[in-house]
Number of protein chains: 2
Amino acid sequence: MVSPEERGLIEGMTMRRRLLRKGEELVSQHSQPSESCIVLSGFTAREVVLDDGKRQITALHIPGDFVDLHAFLLKVMDHSVVALTDCEAAYVPHRELLRVIDRSAHLGRLFWLSTVIDGAIQRAWITSSGRRAATAHLGHLICELYLRLQAVDLARDGTFSFPVAQGELADALGFSLVHVNRTLQELRATGFVRWKGSTITILDFDGLAVLSQFDPTYLNLITLPR
Amino acid sequence: MVSPEERGLIEGMTMRRRLLRKGEELVSQHSQPSESCIVLSGFTAREVVLDDGKRQITALHIPGDFVDLHAFLLKVMDHSVVALTDCEAAYVPHRELLRVIDRSAHLGRLFWLSTVIDGAIQRAWITSSGRRAATAHLGHLICELYLRLQAVDLARDGTFSFPVAQGELADALGFSLVHVNRTLQELRATGFVRWKGSTITILDFDGLAVLSQFDPTYLNLITLPR
DNA sequence: CGCGCAATTGATTGATGTCAATTGGAGTGG
DNA sequence: CCACTCCAATTGACATCAATCAATTGCGCG
């Protein structure tokens with residue numbers, strides 16, 4: 001996917017690293033970032049807080065994700081990115097991105113691809129939110145997370161760590177906290193998933209996928225640069 | 001935004017035009033298009049049909065929109081694009097896009113921007129679906145459509161034509177048809193909006209925007225190429 | 001052991017989906 | 001111009017789903 005010279009270009013990007021505690025903001029809503037941010041470890045989320053205090057999470061990000069690459073083009077952030085756990089992030093100045101893209105159209109296209117896959121995931125969330133039953137909505141998210149985490153070696157044998165509270169999950173799914181809890185119990189009752197503390201185990205992926213009407217095509221994990 | 005040479009590049013793209021009747025597919029789910037499609041006239045929508053027959057519309061497109069530009073990178077369509085009204089479309093081969101992008105990095109970035117704005121709109125839909133009241137959800141969509149249509153001269157003085165049935169709207173909002181109808185009545189009762197036949201008139205944009213918690217920043221209409 | 005936060009539960013209210021008519025309006029043929 | 005047809009909009013009654021409110025339990029940690 002990526003040639004040695006391209007790898008060199010990427011590794012040559014100056015970036016600033018930063019450690020964040022759970023709850024801190026990596027990027028602020030309404031800001032006009034001059035750099036974009038890659039998560040190196042930990043879970044983060046894009047969130048929008050409405051006037052009435054309600055919160056919606058529009059994306060969950062895992063290590064390796066370029067969380068606000070779209071800010072390279074969009075200029076004004078329409079949401080924040082917050083740390084759901086302690087995490088580490090690398091900030092790449094937009095001028096560096098520009099430099100890399102100028103030297104390698106192929107890398108530019110991989111960056112573009114990254115934002116486009118983001119969009120595909122968002123479409124799946126819209127579909128879940130609008131037309132899937134609560135258990136399927138939650139199940140779909142679990143399938144998505146599992147495959148994404150597996151692609152970066154953070155999941156295997158159906159198991160991964162997901163140290164995120166039910167309240168956060170509620171804001172991602174558009175549920176109330178209580179409803180998350182009950183939906184989770186329903187899902188456990190199917191026997192397809194075990195969820196204990198911060199460890200999720202998918203006992204029957206195919207079963208869960210059918211229940212959740214999950215089709216992995218949209219994640220395009222095959223063509224990912226790594 | 002676009003220099004004369006760039007305009008020349010765009011106008012030089014070979015493309016195939018096609019007329020479509022209401023209900024026809026511009027692009028099919030699971031297909032692997034070798035061209036991407038611009039809507040020239042009429043309303044279209046991205047839709048996903050689930051196994052159980054439920055349908056979700058994940059985007060509404062208006063004339064000027066590049067409806068499946070992401071297919072240039074994603075290869076496999078995770079949804080269809082259907083005509084909500086009779087419409088005209090232009091199909092641009094991916095090899096032409098590649099040629100244009102190679103000659104003008106700036107145009108390449110505008111294409112990228114187009115997909116990124118798409119993503120911002122999708123995030124707004126996720127937020128509406130998850131955390132906004134029914135009237136606000138519908139109101140938000142109306143605000144969005146108005147500004148987008150205004151930007152391409154298809155709306156003025158608060159008025160635009162939207163010849164789309166309530167059933168389609170239901171699939172876009174994730175509501176039932178009956179619920180769309182009742183939410184529409186509630187919205188009319190606020191006095192902010194008139195909706196008669198296929199003509200929508202926003203009588204009080206600011207009022208509607210407050211009700212819907214609408215913040216136009218995300219549409220980035222200022223930086224749009226046209 | 002006791003604190004504090006997250007998970008869980010129960011009871012109730014409110015929002016939305018479903019089913020089944022009924023109404024309204026545009027187009028068509030007589 | 002009128003009767004008819006078809007489809008979209010609207011309405012009413014009812015069933016479900018999910019939010020809210022208010023405890024209570026469970027668990028990790030000092």
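Letters A, B, ... are given to chains in the order of the sequence lines, protein chains preceding strands, and every chain is numbered from 1.
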How many whole angstroms separate atom [atom1] of [X] from atom [atom2] of [N]?
{"X": "Asn181(A)", "N": "dT24(D)", "atom1": "CG", "atom2": "P", "result": "17 Å"}
{"X": "Lys54(A)", "N": "dA15(C)", "atom1": "NZ", "atom2": "P", "result": "10 Å"}
{"X": "Leu173(A)", "N": "dA18(D)", "atom1": "CG", "atom2": "C1'", "result": "13 Å"}
{"X": "Phe162(B)", "N": "dA8(D)", "atom1": "CZ", "atom2": "P", "result": "15 Å"}
{"X": "Gln166(A)", "N": "dA19(D)", "atom1": "CD", "atom2": "C1'", "result": "16 Å"}
{"X": "His137(B)", "N": "dA15(C)", "atom1": "NE2", "atom2": "P", "result": "17 Å"}
{"X": "Phe175(A)", "N": "dT16(C)", "atom1": "CZ", "atom2": "P", "result": "14 Å"}
{"X": "Leu169(B)", "N": "dT10(D)", "atom1": "CG", "atom2": "C1'", "result": "15 Å"}

Inset, instruction - For the residue pair Phe160(A) and Phe162(A), categorise the inter-ring angle as parallel (less than 30°), tilted (30 to 60°) or perpendicular (more than 60°). - result: perpendicular
Inset, instruction - Check for a donor-acceptor pair, side chain of Tyr91(B) on one end and backbone N or O of Leu26(B) on the other, with a separation under 3.5 Å. - result: yes
What's the closest nucleotide to the [X] side chain, out of [options]?
{"X": "Gln185(B)", "options": "dT8(C), dT10(D), dG12(D)", "answer": "dT10(D)"}
{"X": "Val178(B)", "options": "dA7(C), dA20(C), dT9(C)", "answer": "dA20(C)"}
{"X": "Arg182(A)", "options": "dT16(C), dA7(C), dA11(C)", "answer": "dA11(C)"}
{"X": "Arg188(A)", "options": "dT11(D), dT8(C), dA6(C)", "answer": "dT8(C)"}

Inset, instruction - With the side chain counted from C-beta on, respond yes when Leu50(B) and Arg55(B) share a heavy-atom pair under 4.5 Å apart, and no when they do not. - result: no
Inset, instruction - Quick one: label Arg132(A) by what it contacts on the DNA or RNA (base, sugar-phosphate, nothing), any heavy atom closer than 4.0 Å. - result: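 Counting heavy atoms under 4.0 Å across all strands, no contact is made by Arg132(A).
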Inset, instruction - Answer with base, sugar-phosphate or nothing: what part of the nucleic acid does Leu177(B) contact at a heavy-atom distance below 4.0 Å? - result: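 Contact class for Leu177(B): base.
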Legend entry - Residue whose nearest DNA chain D nucleotide is more 5′ - Lys196(A) or His179(A):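 Checking each residue's closest nucleotide, the 5'-ward one belongs to His179(A).
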Legend entry - Heavy-atom pair with the smallest gap, counting every atom of Gln29(B) and Asp78(B):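 Heavy-atom minimum between the residues: NE2-O, 3.5 Å.
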Inset, instruction - Identify whether the distance between the nearest side-chain nitrogen and carboxylate oxygen of Asp204(B) and Arg194(B) falls below 4.0 Å. - result: no
